Amino acid sequence: MELLDPLLLARWQFGLTTLYHYLFVPLTLGMALVTAIFQTVWHRTGDVKWLHLTRLFGKIFLINFAMGVVTGIVQEFQFGMNWSAYSRFVGDVFGAPLAFEGLMAFFFEATFIGVWIFGWNRLPKKLHLASIWAVVFGSTLSAYFILAANAFMQNPVGYQMAGDGGRAELTDIVAVLTNPVVLAAFPHTITSAWMFAAAIVIAVSAWHLRRGQHIETMRSSLRFGLWFMIVSFVGVGISGDQLSLVMVETQPMKMAAAEALWETECGADASFSIFSIGTPDASREVWSLRVPYLLAFLSTHDINGCVEGFNDLQAQYETQFGAGVDYMPIVWVTYWSFRWMMGLGGVAFLISVVGLWLTRKNATREVPQWAWRVAIWSAPLPLLGSLVGWVFTEMGRQPWIVFSLMLTEDGVSPNVPGWTVLISLVAFTLIYAALAVVEFGLIKKAAQNGPDPLPGPDDPDPNDVSVEDTPTTVY
C-alpha cells in the first residue's frame, strides 16, 4: 500500500486520536466513582482521612477530566476531515445518541463538576456530596450514549436505507439505544474503567506506603483499591462473557479471528487457542495449543456447540454481500489483542489478590519492597488491557466500517489528498505527545504530594471536628 494512501493515513489518524482520547476516558469514569465513595465515607464517618483521600483523588480526577474533554473535541473533527462519506451515511442515525450525549450527559456532568469544585464551604454538605454523585451519573450516562452509537457500527438496528441507498435513516431510537451490543458492551466498558481507577489508587497508596508516609490514610486507600480491583475484575469477566455471546450472534467473523479458527468446529474440536501459528497468508493453521470444548462453551454456553470458521463465513459473506472482497480482518491483530486484553486484566487481578494477602491485619512479616514496586508499576495494566480490547473490537469488524452496510474504504473522504492527512497526522502526534507529558507530570505531582499533612501539635485533631465544621477545599 502506498505511503500517501489517504485510506491508510486516515485510519492511522483516527486510530491515534481515538486511542489517545481513550487514555483519559476510563480514569474519568472510574475516578469519579472513587472520589464519590471516599467523600461519602467521610460524610458518614467524620474520619478526616477520607476527606484527605477525597481531595487527593479528586485532583487526579479533575486533571484527567480536563485532558479528556480537549482530546474528545479533537476526535470529533475526524468525521468531517477524513471520513465525510461515512459521516453522511450514518449522520442521521448517529445524530440522536450523540445529541443525547452532549445535551443530557456531558453538559450535566460538566455542570455538576463546576458545582463540586466551587461548592466546597458554600453548599450544604449533603448537597455538595450529591453533586459528585451527579458527576458519576452524568459521566456514566455519557459513556452509554457513545457506546450506543458505536454499537450501530457493530450491529446496525433501528434504521432504513434512504431511497437512493446512500445513507441510513433513523426509524427507531429505542432500538438503537437498546442494541444488544450496547447492552453487553456498556457494563464491560464501565467495569474495566473501574479496574484502571483501582489500579491508580493502589499505585498511589503503594508509593507512599513504601516510603513510610501517611501510613493510616494510605493503608485504607490501598485496601479499598485492592478490593475494588477484584470486584471490578469479576464484573469484567461476567460482562465479557455476555459480550462474547452477542459477538458470536452478530459478528461471527470477529470470533473466528479472535481464535484463528479456519474451519467450523463443534464440541471438543471447538477448542480455545492459547497459542497458535498460522501460515503467512493466514490461510490455515500450522500449529496451536488448545483447550478442548472451551471455545464452544464460551461462544454458545454449550460444550457441544459449534463455532463458525473463516472459510465457511467467507463463502457465506460472498453470497450475501458480494464476491471480490476479503471479509477476514487482520488475523494476527485480532488474535493477539484478544489475548493481551484478557492477560493484562488477569495479571492486575492476581496482583490484587496477592496484595490483599500481604497486607492482611494478622500478617507476620512486613510487605517486601518488591511488592510495593510491583503495585506501583502495575498501574497501567488495566488501561493497556482496555486499549487492546478496543483494538480488537474495531479491527475485528474490518473490512466494515458499518457492519454489513458500508466498507471502510467507502467511508473515507473522497477528495482529501494523502499529503494533507499526513501533515495533520504528524501534527496531532506531536501535540498529543506534548500533552501526554503535561498530563503525566501533573498527575504524578498530585499523587506524590499525597494527602494534606497531619495537623501540628498545637492544632485540634480533625477527627474531633464535625463534618459540618471541617474546612474543605479541593485545591
Side-chain angles (χ1 to χ4, degrees), residues 7 10-11 14 18 75-106 141-186 188-189 242-243 245-255 308 313-329 390 393-415:
L7 174 60
R11 292 181 66 181
F14 193 84
T18 301
Q75 183 190 3
E76 294 180 357
F77 294 160
Q78 305 301 303
F79 293 112
M81 292 169 55
N82 300 332
W83 299 96
S84 59
Y86 163 76
S87 299
R88 284 192 293 270
F89 185 81
V90 300
D92 189 64
V93 177
F94 267 36
L98 293 184
F100 283 138
E101 190 274 332
L103 298 175
M104 295 178 58
F106 176 74
L141 191 63
S142 178
Y144 186 88
F145 287 129
I146 293 174
L147 289 171
N150 179 267
F152 181 83
M153 299 164 64
Q154 316 290 337
N155 179 43
V157 295
Y159 76 98
Q160 67 179 12
M161 295 303 298
D164 60 1
R167 62 188 180 93
E169 297 178 338
L170 180 67
T171 59
D172 189 348
I173 184 60
V174 175
V176 172
L177 296 179
T178 58
N179 192 324
V181 174
V182 70
L183 295 179
F186 173 70
H188 193 62
T189 303
Q242 295 302 308
L243 184 56
L245 295 177
V246 174
M247 181 174 65
V248 171
E249 180 179 351
T250 59
Q251 293 177 293
M253 184 67 86
K254 185 183 291 186
M255 176 56 79
E308 295 178 282
L313 287 170
Q314 176 67 26
Q316 174 186 329
Y317 287 178
E318 286 181 355
T319 301
Q320 186 175 357
F321 305 119
V325 177
D326 184 0
Y327 294 101
M328 288 173 51
W390 275 109
T393 298
E394 301 307 305
M395 292 292 288
R397 189 183 65 248
Q398 299 303 317
W400 302 103
I401 194 169
V402 180
F403 184 74
S404 76
L405 296 182
M406 188 179 205
L407 295 172
T408 302
E409 62 184 21
D410 296 330
V412 72
S413 297
N415 298 317

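Hydrogens, waters and symmetry mates are skipped; everything else that's a heavy atom, side chains included, is used. Bear in mind that the values here come from a model prediction, so they are computed numbers and not experimental data.
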Straight-line distance of Asp172 CG to Asn179 CG, nearest 0.5 Å: 11.0 Å
Taking every non-hydrogen atom, the tightest pair across Leu98 and Ala149: CD2-CB, 4.2 Å
Full working for side-chain contact (heavy atoms from CB on, under 4.5 Å) between Phe403 and Gln251: CA-CA 8 Å; Phe403 184 74; Gln251 293 177 293; 3.9 Å; yes
Side chains of Asp410 and Phe89 in contact at under 4.5 Å (non-hydrogen atoms): no
Tyr86 side chain reached by Val402 side chain, heavy atoms, under 4.5 Å: yes
Minimal non-hydrogen separation, Thr408 against Ile401, with atom names: OG1-N, 3.3 Å
Nearest non-hydrogen partners of Ala175 and Gly158, listed with the distance: CB-CA, 3.9 Å
Validation row: Glu394, Arg11 side chains within 4.5 angstrom (heavy atoms): no
Atom CD of Gln316 with >12 non-hydrogen neighbours under 6.0 angstrom: yes
Residues Gln398, Tyr327; criterion side-chain contact (heavy atoms from CB on, under 4.5 Å); working and verdict: CA-CA 7 Å; Gln398 299 303 317; Tyr327 294 101; over 6 Å; no
Nearest non-hydrogen partners of Ala96 and Leu170, listed with the distance: CB-CD2, 3.9 Å
Min side-chain heavy-atom separation Met253-Tyr317 under 4.5 Å: yes
Residue pair Val90 / Tyr159, side-chain heavy-atom distance below 4.5 Å: no
Heavy-atom pair with the smallest gap, counting every atom of Arg167 and Glu169: NH2-OE2, 3.1 Å
Distance, nearest 0.5 Å, that separates CH2 of Trp390 from OG1 of Thr189: 5.0 Å
Between NZ on residue Lys254 and CE on residue Met328, distance to nearest 0.5 Å: 15.0 Å
Intermediate values then yes/no, side-chain contact (heavy atoms from CB on, under 4.5 Å), Met247 and Thr393: CA-CA 10 Å; Met247 181 174 65; Thr393 298; over 6 Å; no
Donor-acceptor pair, side chain of Tyr144 and main chain of Leu177, under 3.5 angstrom: yes
Spacing of Leu313 atom CG and Met255 atom CE [to the nearest 0.5 Å]: 12.0 Å
Spacing of CE belonging to Met406 relative to CH2 belonging to Trp400, to within rounding of 0.5 Å: 11.0 Å
Min side-chain heavy-atom separation Glu409-Pro399 under 4.5 Å: no
Inter- and intrachain pairs under side chain to side chain donor-acceptor pair (under 3.5 Å), touching residues 87-102, at least two apart: Glu101-Ser142
Exam field: side chain Thr250 to backbone Asn155, donor-acceptor pair closer than 3.5 Å: no
Shortest non-hydrogen contact from Phe152 toward Val157: CE1-O, 3.4 Å
Interatomic spacing from CG in Leu7 to CH2 in Trp83 - rounded to 0.5 Å: 5.5 Å
Short side-chain to backbone donor-acceptor contact, Gln314 and Val325, under 3.5 Å: yes
Within-4.5 Å side-chain heavy-atom neighbours: His188 and Gln242: no
